[in-house]
Amino acid sequence: MKHIKHDLDKMKNEGMENVPMEERRQFLKMGLAITGLFAGGTIFSAMSVMDKVFASSDDFTAQYPYKPHYGMIIFQNRCVDCERCVAACGETNHVPKEAYRTRVLSKEMPDAVGIVKREFTPVLCNHCNIPQCTRVCPTKATYKDPTNGIVMMNINKCIGCLTCQEACPYNASYFNEEKHAVDKCNFCFDTRLSKGEKLTACAAACPATCRVFGDLSDKGSDLFKAVHQLERPVWVLRPEAGTKPNVFYTKDTSPVAFK
Amino acid sequence: MANGAETAELTLNHLESLVTTRLKSGSMGYYALLLLCGLLVLAAAAAGIHAMVAGHEKFYNVTREIPWGILICTYVFFVVTSTGLCLISSIGHVFGNQDFMPIAKRSVFLSIATILSGFFVIAFEIKIPWRMAIYNVISPNLTSNIWWMGTLYGIYLAFMFAEYVFLLLDKHKPAVFCGFSGSVAGIAAHSNLGAVFGLLMGREFWHGPYMPIYFIASAMMTGCSVIILFHILGYKVNNEEMSAPMKNSLRVTSKVGVLLISVILFFTAWKMLSGIAGHPAGKYEAVMALLNGPFALNFWVGELGLGMLFPLAMFLGSKGKNLKMMFIGSLAMIIGIFVMRYDLVVVGQIVPVYHELGVNEYKHLLTYTPSLYESIIALGGFGITGFLFLLGEKLFAGHKVEEQHH
């Protein structure tokens, strides 16, 4: 410690005037991110925001156990509820009309001057690292793929007890009457990824790049970079359920890269 | 060989005539009730098979958000009852308390009847039951409470069945062995059923160690009421006067009933208080739905009034001797306990998983009302218990045990 102090003492004061504007902004943003002004809706206590920012602190810094370790980050403020993701998912994965594998939830939020804004939350299976649906399934019909970590269904083994539906903190499973089995999001593994596509149907269909899909074990991927940064808070839904989800949420203020 | 066959034939003939005489001895009311129960079972089977063939979603009111409805409630009710019957009756013939000896046979018989009712109902609740028969065996998931519950209840049924046969043959030692093994399997199975609910992290109303413990205590409470009700009914069906040891047995059972009602009252009080103190997220809304919301009538009148306070007063007032009061008390208790099971299952699901997000879609509590088909199948479960009880009374001539132990 002494040594470091000594070094600091030796350093020359560059003066505030020499700090570039960009650097100042970055510093401010980081401060805001940590105190949670960016965390939208949960600024009531600094503690809860800290929780949210580091909701999955273990995941945040952990080694990702699968290769590829599929995941998704959702830029919540980019979503305009066009529901093209829902339509693309339904079409690609033959989801019956009355059902869904992904959907967009909405919320009205009045701001300080009383103007009501709408916020959208796309939800889907979180492909949790500690999935409850696979633990409760009596016949291993729902299972976590040992290679890529996707929570998948073997429809031939499903007895339709629906315990997975009870266990899921995200309401991600539903009973598909056409398949006579529970059905859920599998990141389009059978319909797209296994055929060489790089994106899920929902991510590909989104006009606002709201859903960023990718491989968390690849440090160069957009997904990894979006999850591992300190500028924007990153959170998961229902962290208290302890399932360590692989679907993350964030908000950004930079101009949206429309396709 | 020829001699042996002859003897067997004679025995069979003898048995046949014995059974026919016994079955023919019923009154008109008896046959009417038997017919009614049989029709209920047939209607339930027809409804269940129709729903299975034409698609459950058309006939059941369960949804993606509330996947477990009245059929799960009824299943839980019957397996709770069966476990309770097994445990209370085992106090006598397994653990040797003489006071409980006279109720052993009928209670074991009823525990088989009620578990069969439970299996009947669950067969129509599970969407693809035949896959269960295959993959529960070849692809078991040992972390799944449902798997353990199913497997252990299978073992339990086998032990209870064997126990009843040994009781019939008056083979005390193997009966005790099977009774003890059945009790162990029953407790393991039943606490696993509690854990099916209790180990779900995302369902705050259920989550925690409370459920497996509560399930065992409430099973024993249910056992007491069912034993009292069906023993009084059994003597009515056979038109016989209750013997002194049997009366004493029911008196002691009602005492145990008082104790267990008190235990469950205590459990319920703390469950409710822990649900409102500090407004725990997810749990508070569910508990308030019971205390002061859409389930308030169920809770205050059904669970607390009919299920616990009224029978408590009746059992205490009867001093264990007034059979009429005990009968009314235990009948009210059984109705109340059914409401308890309904609330336990449904209220655990009414708070949407995304409720805390405050989104428009899940701002409000969810609702569920049983459909006609679901109700018919649930009634069919009661039909099975009723039918087997009535049949058993005649077939096994009132399940007499007193003489065997004197």
Side-chain angles (χ1 to χ4, degrees), chain A residues 41-42 96 98-100 103-109 118-121 123 128 130-143 154-183 237-238 240-243 249, chain B residues 52 54-58 62-68 72 122 125-151 195-197 199-204 206-207 281-282 345 348-349 352-363:
Chain A
T42 45
E98 65 284 358
Y100 57 87
R103 77 182 296 197
V104 180
L105 305 174
S106 60
K107 182 181 184 177
E108 269 89 39
M109 304 211 307
R118 296 191 85 193
E119 185 189 59
F120 303 106
T121 311
V123 290
C128 308
I130 309 172
Q132 286 301 296
C133 54
T134 61
R135 180 188 69 79
V136 301
C137 178
T139 58
K140 296 182 183 168
T142 309
Y143 65 98
N154 180 341
I155 59 168
N156 295 324
K157 287 185 182 178
C158 178
I159 67 168
C161 65
L162 312 188
T163 315
C164 51
Q165 274 175 245
E166 296 287 355
C168 176
Y170 305 102
N171 197 19
S173 302
Y174 70 97
F175 191 79
N176 187 321
E177 292 285 343
E178 289 164 19
K179 287 184 176 173
H180 288 292
V182 161
D183 187 47
L237 299 181
R238 305 205 60 196
E240 79 284 1
T243 56
Y249 290 80
Chain B
M52 210 180 269
H56 291 96
E57 87 285 5
K58 294 193 189 90
V62 282
T63 57
R64 176 179 185 139
E65 286 81 15
I66 301 195
W68 287 350
I72 289 282
I122 200 84
E125 201 279 337
I126 285 181
K127 311 271 178 172
I128 315 114
W130 57 91
R131 280 193 200 143
M132 183 173 72
I134 305 165
Y135 291 105
N136 258 20
V137 180
I138 63 169
S139 181
N141 183 6
L142 299 185
T143 64
S144 161
N145 296 109
I146 287 256
W147 184 86
W148 280 104
M149 179 201 61
T151 309
V196 166
F197 298 97
L199 268 52
L200 297 181
M201 298 279 283
R203 304 278 180 175
E204 300 307 326
W206 292 333
H207 184 233
V345 172
Q349 304 169 81
V353 290
Y354 288 125
H355 193 60
E356 288 288 302
L357 289 185
V359 291
N360 298 334
E361 291 82 354
Y362 296 117
K363 247 185 211 164

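Each chain gets a letter, A, B and so on, in the order its sequence line appears, and its residues count up from 1.
In this structure, the portions of A:Arg135 lying under 4.5 Å from any heavy atom of chain B include both its backbone and its side chain. With a 4.5 Å cut-off on non-hydrogen atoms, A:Cys158 touches chain B through its backbone and its side chain both. At a 4.5 Å heavy-atom cutoff, B:Glu356 makes no contact with chain A through either its backbone or its side chain. In this structure, the portion of B:Tyr362 lying under 4.5 Å from any heavy atom of chain A is its side chain and not its backbone. For B:Thr151, no part lies near chain A; criterion is any non-hydrogen pair under 4.5 Å. Heavy-atom distances place no part of B:Ile72 under 4.5 Å from chain A, backbone and side chain included. With a 4.5 Å cut-off on non-hydrogen atoms, A:Ser173 touches chain B through its backbone but not through its side chain. Neither the backbone nor the side chain of A:Phe120 comes within contact range of chain B; no heavy atom of the residue lies under 4.5 Å from a heavy atom of that chain. For B:His207, no part lies near chain A; criterion is any non-hydrogen pair under 4.5 Å. Contacts of B:Arg64 with chain A are made by both backbone and side-chain atoms, with heavy-atom separations under 4.5 Å. For A:Glu177, the part lying near chain B is the side chain, with the backbone staying farther off; criterion is any non-hydrogen pair under 4.5 Å.
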Criterion side-chain contact (heavy atoms from CB on, under 4.5 Å) on B:Leu199 and B:Asn145, from CA distance to verdict: CA-CA 9 Å; B:Leu199 268 52; B:Asn145 296 109; 3.5 Å; yes
Between B:Asn360 and A:Glu108, does a side-chain contact (heavy atoms from CB on, under 4.5 Å) hold up when you go through it step by step? CA-CA 8 Å; B:Asn360 298 334; A:Glu108 269 89 39; 3.1 Å; yes
Derivation and outcome, side-chain contact (heavy atoms from CB on, under 4.5 Å), residues B:Arg131 and B:Ile134: CA-CA 5 Å; B:Arg131 280 193 200 143; B:Ile134 305 165; 5.6 Å; no
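Nearest heavy-atom pair across B:Trp206 and B:Val345 is CZ2-O, 3.2 Å. A:Cys128 approaches A:Tyr170 most closely through the heavy-atom pair SG-CE1, 3.9 Å. Here the closest non-hydrogen pair linking A:Leu237 and A:Thr121 is CD1-CG2, 4.3 Å. A pairwise comparison of heavy atoms in A:Ser106 and A:Arg118 identifies OG-NH2, 3.4 Å as the closest pair. Here the shortest heavy-atom pairing between A:Ala141 and A:Tyr143 reads O-CD2, 3.6 Å.
With respect to chain A, the highest number of heavy-atom pairs below 4.5 Å among B:Pro352, B:Gly202, B:Ser144 belongs to B:Ser144. Heavy-atom pairs under 4.5 Å with chain A peak, among B:Met149, B:Glu125, B:Met132, at B:Met132. Looking only at heavy-atom pairs under 4.5 Å with chain B, the residue among A:Val123, A:Asn156, A:Thr243, A:Thr134 that has the most is A:Asn156. Counting heavy-atom pairs closer than 4.5 Å to chain A, the top-ranked of the candidates B:Gln349, B:Glu361, B:Met201, B:Glu204 is B:Glu361. Each of A:Glu98, A:Glu240, A:Gln132, A:Arg103 has some count of heavy-atom pairs under 4.5 Å with chain B, and the biggest count is that of A:Arg103.
Note on B:Arg203 versus A:Glu166: salt bridge recorded, some NZ/NE/NH1/NH2 to OD/OE distance being below 4.0 Å.
Checked against side-chain contact (heavy atoms from CB on, under 4.5 Å), A:Leu162 has the following partners two or more places apart in sequence or in another chain: A:Gln165, A:Phe175, A:Val182, B:Pro67, B:Trp68, B:Lys127.
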